[in-house]
Structures are given as C-alpha cells and as structure tokens.
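Working notes for the structure below.
In the text below, chain A, chain B and the rest are named by the order of the sequence lines, each starting its count at 1. What you see is a predicted model; the values in this text were computed from it and never measured. Keep in mind that the numbers below use all heavy atoms, side chains included, and drop hydrogens, waters and symmetry copies.
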Amino acid sequence: MPELPEVETVVRTLARRITGLRIVRVAHVRADMVEPADFDFAETVTGRVIDDVRRRAKRIVFTLDAGGRFFVHLGMTGQLTIEPADAPQKLHTHLILELSNRQQLRLVDPRRFGAIVWLGDLDHANVGPEPLQLQPARLGKLLHATKRAVKVALLDQTMIAGIGNIYADEALFAAKIHPTTPACALSVEQVRALNRAIKQVLRTAIGAGGSSIRDYVDAEGRRGSFQQRHQVYGREAERCVRCKRATIERIVLGGRSTHFCPLCQRHTHGIK
DNA sequence: AAGGGCACCTGCGAGC
DNA sequence: TGCTCGCAGGTGCCCT
C-alpha cells in the first residue's frame, strides 16, 4: 500500500499532531513485529518524549528525547493512526502508544508485512537516495550500473528509496519508457525524462494525499485521492488516456503487476 | 555476485 | 449461498 507519497502524508500529520508529546505507556505491542527480535521496545520508549517525526524512504522515523530512534514500516496494509483512548480496538492492532495528551498512536496491519524497528543511534542501512532530491546525473549513474528492467530497478530500495509498484508504473508512463527496458540501456534523455517524471508524479500524489486503493488511510483516517488520477496502474484493458488508441497492457515483472501503454512506451532498442 | 523467484500473511472480489 | 482461486501500495532470503 504505502509508497513514498502515502508515508509522507502520514508523517506530515503525525509531525504536526504528536511532536513534543510523551509516550506515557505502551498499552500493547506485538513482539514479533519488533526488530531486533530480543529488543524490549516497551521498556525503552516508555516515558520518552517524541522530539521528531520524519520520513526516510518508506519509513516513519521517530526520534526520542535523549537520543534513540525507531521507525515504523507499514508494509502493504499498515495504518498508523491517532485515536482517542476510548476508540474501539480494531482487529490486527499491533501497537498502541498512549501519549501525554490522552490520545493513542495505533498501528493496524492485517498482513503483518510491516515492522517496528529500533535504530538506536544507527543510520538507515541499505536505503538509496530520496527521489525528490535526486539529480539526473546521479540517477543515471545508478540505473546504468544494472542490466535489470528499469521497472525492477526503480523498485529496488537500495538504489532509490520510496518508489513502489504504483509510482514506478506511473513515472515510466509519464516518461514514455517501456518498463522492460534494461536500466543500463536508457539514454541520457530518457534518464532526464524519468527523473522529471518521478518527481512530478510523487509531488502530485503527495498533494492528493496519496493513493487509496483499499487499505490506505492517513494518520487521521482520511483516504487519499490520487488513485483517481492513475494513468496506467490498475487500468489493464482500458484505452490509454494519452494516445487514446492503444489499450493498457499488464505484464509481470519481478513478480509484480506492471501496467503500460504499448504505443506510448515503445522499446527504444538502445538508441542513444 | 547480480538477479530471478518465492515465501511471508490476511482479506476480498470474481467466478463457478 | 458458499466454495476456491487469484491477486493486493513490500521486502528479505535462498538459489543459481
């Protein structure tokens, strides 16, 4: 579910609503969602003030007073919401932090692909650069170092952070690049177009509060609206909104559903 | 040693 | 109505 725009939307609300609050009590935590496995999360965070909430990649990073950080990853179906203390507890609630203003921060995640990770003073390992701060030259360097399909490369979080299945498809469509094109075969022009497309798609999606296909809601339970503006994702067999001639195709790449317009996104045979 | 494939989970909608 | 199947915004690990 949550890619960069959804995580960013959650973080913006959290930063505004819970920064400066104290974690009074860990009312509930599912131990097997916490990393490292033997870490006593409740003991460590109880009584600490949340000094800062920010996004890095698809991670929601909490910095506590007196140092120490942890992040929450939402996986596919995670929801991190601010609730009144007396709100009914939903099925698959895995974390409840009671805050000093009597509200609670709750993590609900049916599929449990998410995680609560204690970082301490460590930095984020294995996470590539933020796409919104990426220069085309840097993107080119990264993409030209791999023979994988450009779509698969975009999903590699160690290469670029935050892009997932929806926004990879949308950015490639906007840049008119076929998703199976080997990343190393992209021309300098294509890399530049892709860099622009990634930023434009992500920024617009953030402005729309992200995409809500099924589970996603922000920290106040609101759905995003960017799903209404998807050009290819989830539009298999529909007429292409750009060329209005071809129909959107769906293939599987790297085990993921991939949507594109066969006319707008043609193979370029390595023409540079 | 890069990169393909699958496993990890639960829920839901489509089709029979 | 009720079953089974396929599929879902992610990622980590095993294998080649």
Over 60° means perpendicular and under 30° means parallel, so tell me whether A:Phe70 and A:Phe41 are parallel, tilted or perpendicular.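 The arrangement is perpendicular - the two ring planes meet at more than 60°.
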Parallel under 30°, tilted from 30 to 60°, perpendicular over 60°: which one fits the rings of A:His92 and A:His94?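 It falls in the tilted class, 30° to 60°.
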Can you tell me the distance, in whole Å, between the [atom1] atom of [X] and the [atom2] atom of [N]?
{"X": "A:Arg256", "N": "C:dC7", "atom1": "CZ", "atom2": "P", "result": "13 Å"}
{"X": "A:Leu154", "N": "C:dT11", "atom1": "CG", "atom2": "C1'", "result": "16 Å"}
{"X": "A:Tyr216", "N": "B:dT10", "atom1": "OH", "atom2": "P", "result": "24 Å"}
{"X": "A:Glu35", "N": "B:dC8", "atom1": "CD", "atom2": "P", "result": "17 Å"}
{"X": "A:Leu155", "N": "C:dT11", "atom1": "CG", "atom2": "P", "result": "9 Å"}
{"X": "A:His144", "N": "B:dA2", "atom1": "NE2", "atom2": "P", "result": "18 Å"}
{"X": "A:Leu253", "N": "B:dC6", "atom1": "CG", "atom2": "P", "result": "15 Å"}
{"X": "A:Leu74", "N": "C:dT11", "atom1": "CG", "atom2": "P", "result": "10 Å"}

Do the side chains of A:Val49 and A:Arg22 get nearer than 4.5 Å, heavy atoms only?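 A:Arg22 reaches A:Val49 side chain to side chain.
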Is the NZ or CZ atom of A:Arg56 both under 6.0 Å from the centre of the six-membered ring of A:Phe71 and within 45° of that ring's axis?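 The answer is no; the distance or angle limit is not met.
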Using a 5.5 Å cut-off between ring centres and planes within 30 degrees, is A:Phe113 stacked on the base of B:dC8?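 It does: the ring sits over the base of B:dC8.
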[X] side-chain proximity, nearest of [options]:
{"X": "A:Arg250", "options": "C:dC7, C:dT11, B:dG11", "value": "C:dC7"}
{"X": "A:Met76", "options": "C:dG10, B:dT10, B:dG13", "value": "C:dG10"}
{"X": "A:Leu91", "options": "B:dG3, B:dG11, B:dC9", "value": "B:dG11"}
{"X": "A:His73", "options": "B:dG13, C:dT11, B:dT10", "value": "C:dT11"}

Partner of A:Glu8 under side-chain hydrogen bond (donor to acceptor under 3.5 Å, both in side chains), chosen from A:Lys58, A:Arg54, A:Arg55, A:Arg203: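 Going through A:Lys58, A:Arg54, A:Arg55, A:Arg203 one by one, the side-chain hydrogen bond (donor to acceptor under 3.5 Å, both in side chains) with A:Glu8 is satisfied by A:Arg55 alone.
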Tell me what A:Arg59 touches on the nucleic acid: a base, only sugar-phosphate, or nothing, going by heavy atoms under 4.0 Å.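 Nothing, no heavy atom under 4.0 Å.
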Answer with base, sugar-phosphate or nothing: what part of the nucleic acid does A:Gly255 contact at a heavy-atom distance below 4.0 Å?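 Since no nucleic acid heavy atom lies under 4.0 Å of A:Gly255, the category is nothing.
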So does A:Arg112 reach the base of B:dC9 with its side chain, donor to acceptor, closer than 3.5 Å?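 Check fails, no donor-acceptor contact within cut-off.
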Look at the side chain of A:Arg148 and the base of B:dA2, then say whether one donor and one acceptor between them are separated by less than 3.5 Å.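 It does not, because no donor-acceptor pair links the side chain of A:Arg148 to the base of B:dA2 below 3.5 Å.
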Can you see if the side chain of [X] gets near the phosphate of [N] - specifically, an N or O under 4.0 Å from OP1 or OP2?
{"X": "A:Thr146", "N": "B:dA2", "answer": "no"}
{"X": "A:Gln157", "N": "C:dG10", "answer": "no"}
{"X": "A:His92", "N": "B:dG11", "answer": "yes"}
{"X": "A:Thr77", "N": "C:dA8", "answer": "no"}

Paired with B:dC9 by Watson-Crick or G-U wobble geometry, both distances under 3.5 Å: which nucleotide is it?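 Result: none.
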Hey, which of these two, A:Lys58 or A:Ser257, hits DNA chain C nearer its 5' end, going by closest nucleotide?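 Mapping each residue to its closest nucleotide by heavy atoms, the 5'-most match is A:Ser257.
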Nearest heavy-atom neighbours spanning A:Val232 and A:Cys261: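 Of all heavy-atom pairs spanning A:Val232 and A:Cys261, the closest is CG1-N, 4.4 Å.
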